[in-house]
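Structure record follows, encoded as structure tokens.
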Amino acid sequence: MSLVIAIATQDFALMIGDHRCTHISDDNIYHDTVIKVFNVNNQVVAGFTGDLSVTEELFKSFIDVDQDATIELVADKLKELTPSDAYLTMILSGVDKNGNMRIVEMGHRDNFAQHIMDIPEGEVRWLSSYAYVNPNAMIEEEFAKLTECGPQEVAQMLRGVIAKVSEDDIRVSKNASIVGIINKNS
């Protein structure tokens with residue numbers, strides 16, 4: 001399993017993903033070397049959970065992506081490139097065609113339909129994928145403790161959440177990568 005968390009405000013978006021790759025039939029067989037979150041370009045970050053080989057192929061497809069491509073364009077391209085039988089969940093966060101931040105989730109459960117979460121001005125939204133230990137209550141609790149809501153503070157909070165989840169979920173590593181973007185339109 002995996003844990004990918006996206007968190008966004010109108011000013012920035014961060015995405016964190018643990019590094020664990022677990023054998024499909026035995027959770028005790030794993031390695032902690034898999035990067036699951038990526039900066040697609042200057043406006044979009046992406047995280048993948050599920051089929052590692054499909055994730056690697058999709059990532060290769062975005063090496064030459066336009067640095068100004070919006071989240072809509074990236075989501076459409078991912079849907080087009082993803083095999084219909086892939087076992088995969090994708091979370092994107094980034095700037096839309098109107099300059100606003102949003103989060104998009106697409107997955108195998110519903111043929112990669114785009115589920116869009118717009119981010120209202122002055123608010124924070126987050127989305128997580130796959131851990132057996134649901135991190136949402138932890139995120140809410142830790143977010144309430146923050147005295148500042150800048151990218152550095154939120155990144156540190158997300159690292160703490162991943163570490164806490166990893167204590168109770170063998171499928172999640174405490175090692176994690178974090179990526180982010182700043183919304184230049186806000």
Side-chain angles (χ1 to χ4, degrees), residues 2-19 21 33-130 149-156 158-159 162 175-186:
S2 298
L3 179 54
V4 168
I5 303 169
I7 191 164
T9 70
Q10 272 304 315
D11 298 324
F12 66 89
L14 296 174
M15 192 166 299
I16 190 167
D18 82 303
H19 290 183
C21 180
T33 58
V34 177
I35 305 300
K36 301 171 187 169
V37 296
F38 309 93
N39 279 85
V40 174
N41 62 15
N42 295 328
Q43 298 200 112
V44 180
V45 291
F48 301 86
T49 59
D51 189 325
L52 180 58
S53 61
V54 174
T55 296
E56 290 170 340
E57 288 303 312
L58 291 172
F59 179 69
K60 288 177 189 174
S61 299
F62 280 94
I63 297 296
D64 296 324
V65 72
D66 181 336
Q67 287 301 304
D68 294 321
T70 63
I71 193 170
E72 294 96 342
L73 294 172
V74 171
D76 289 346
K77 186 69 171 174
L78 278 171
K79 182 171 172 101
E80 174 188 316
L81 294 172
T82 303
S84 62
D85 63 345
Y87 182 83
L88 188 67
T89 298
M90 299 174 272
I91 299 176
L92 308 173
S93 190
V95 180
D96 70 13
K97 63 185 176 188
N98 297 317
N100 297 311
M101 196 70 77
R102 65 173 34 163
I103 298 173
V104 176
E105 180 182 34
M106 303 183 307
H108 63 275
R109 288 185 178 92
D110 61 358
N111 198 28
F112 301 98
Q114 295 179 23
H115 301 275
I116 298 168
M117 180 188 306
D118 289 316
I119 315 300
E121 186 65 43
E123 294 189 26
V124 177
R125 295 285 190 269
W126 61 83
L127 184 65
S128 63
S129 180
Y130 269 146
C149 183
Q152 292 81 11
E153 294 82 12
V154 174
Q156 183 176 351
L158 288 172
R159 288 191 184 282
I162 289 271
N175 300 325
S177 296
I178 193 161
V179 295
I181 56 167
I182 302 294
N183 185 355
K184 296 177 180 147
N185 301 306
S186 68

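Side-chain atoms are counted along with the backbone in the values below, which use heavy atoms only and exclude waters and symmetry mates.
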Could you report the tightest heavy-atom contact between [X] and [Y], atom names first, then the distance?
X	Y	result
Ile119	Arg125	CD1-CB, 3.4 Å
Ser129	Ile91	CB-CD1, 3.7 Å
Met117	Trp126	CE-O, 3.9 Å
Asp96	Ile71	CA-CG2, 3.8 Å
Ser128	Leu3	CB-CD1, 4.2 Å
Pro151	Ile182	CG-CD1, 4.1 Å

Atom CD of Glu153 with >12 non-hydrogen neighbours under 6.0 angstrom: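 Count over threshold, so yes.
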Working to the nearest 0.5 Å, report the span between [atom1] of [X] and [atom2] of [Y].
X	Y	atom1	atom2	answer
Leu92	Ile103	CG	CD1	10.0 Å
Ile162	Ser177	CD1	OG	10.0 Å
Asn100	Asn185	CG	CG	8.0 Å
Ser93	Phe12	OG	CZ	10.0 Å
Met15	Ile5	CE	CD1	10.5 Å
Thr55	Leu88	OG1	CG	4.5 Å

Using a 3.5 Å distance criterion without hydrogens, assess whether the side chain of [X] forms a donor-acceptor pair with backbone atoms of [Y].
X	Y	result
Asn39	Gly180	yes
Gln43	Asp68	yes
Glu105	Leu127	no
Gln10	Met101	yes
Asn183	Gly99	yes

Heavy-atom check, side chain of Ile35 versus side chain of His19, under 4.5 Å: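 Side-chain contact under 4.5 Å: yes.
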Val37 side chain near Val4 side chain, heavy-atom distance below 4.5 Å: yes
Distance-only side-chain donor-acceptor flag, His108 / Asp51, under 3.5 Å: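 Absent: no donor and acceptor within the cut-off.
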Distance-only donor-acceptor check, side chains Asp76 and Gln114, under 3.5 Å: yes
Verdict with reasoning, Val65 to Lys77, per side-chain contact (heavy atoms from CB on, under 4.5 Å): CA-CA 10 Å; Val65 72; Lys77 186 69 171 174; over 6 Å; no
Tabulate below the donor-acceptor pairs under 3.5 Å that side-chain atoms of residues 79-86 make, not counting sequence neighbours, or state none.
unit_1, atom_1, unit_2, atom_2, d
Lys79, NZ, Asn111, O, 2.9
Lys79, NZ, Phe112, O, 3.4
Thr82, OG1, Leu78, O, 2.6

Chi angles and distances behind the side-chain contact (heavy atoms from CB on, under 4.5 Å) call for Thr89, Arg109: CA-CA 8 Å; Thr89 298; Arg109 288 185 178 92; 4.2 Å; yes
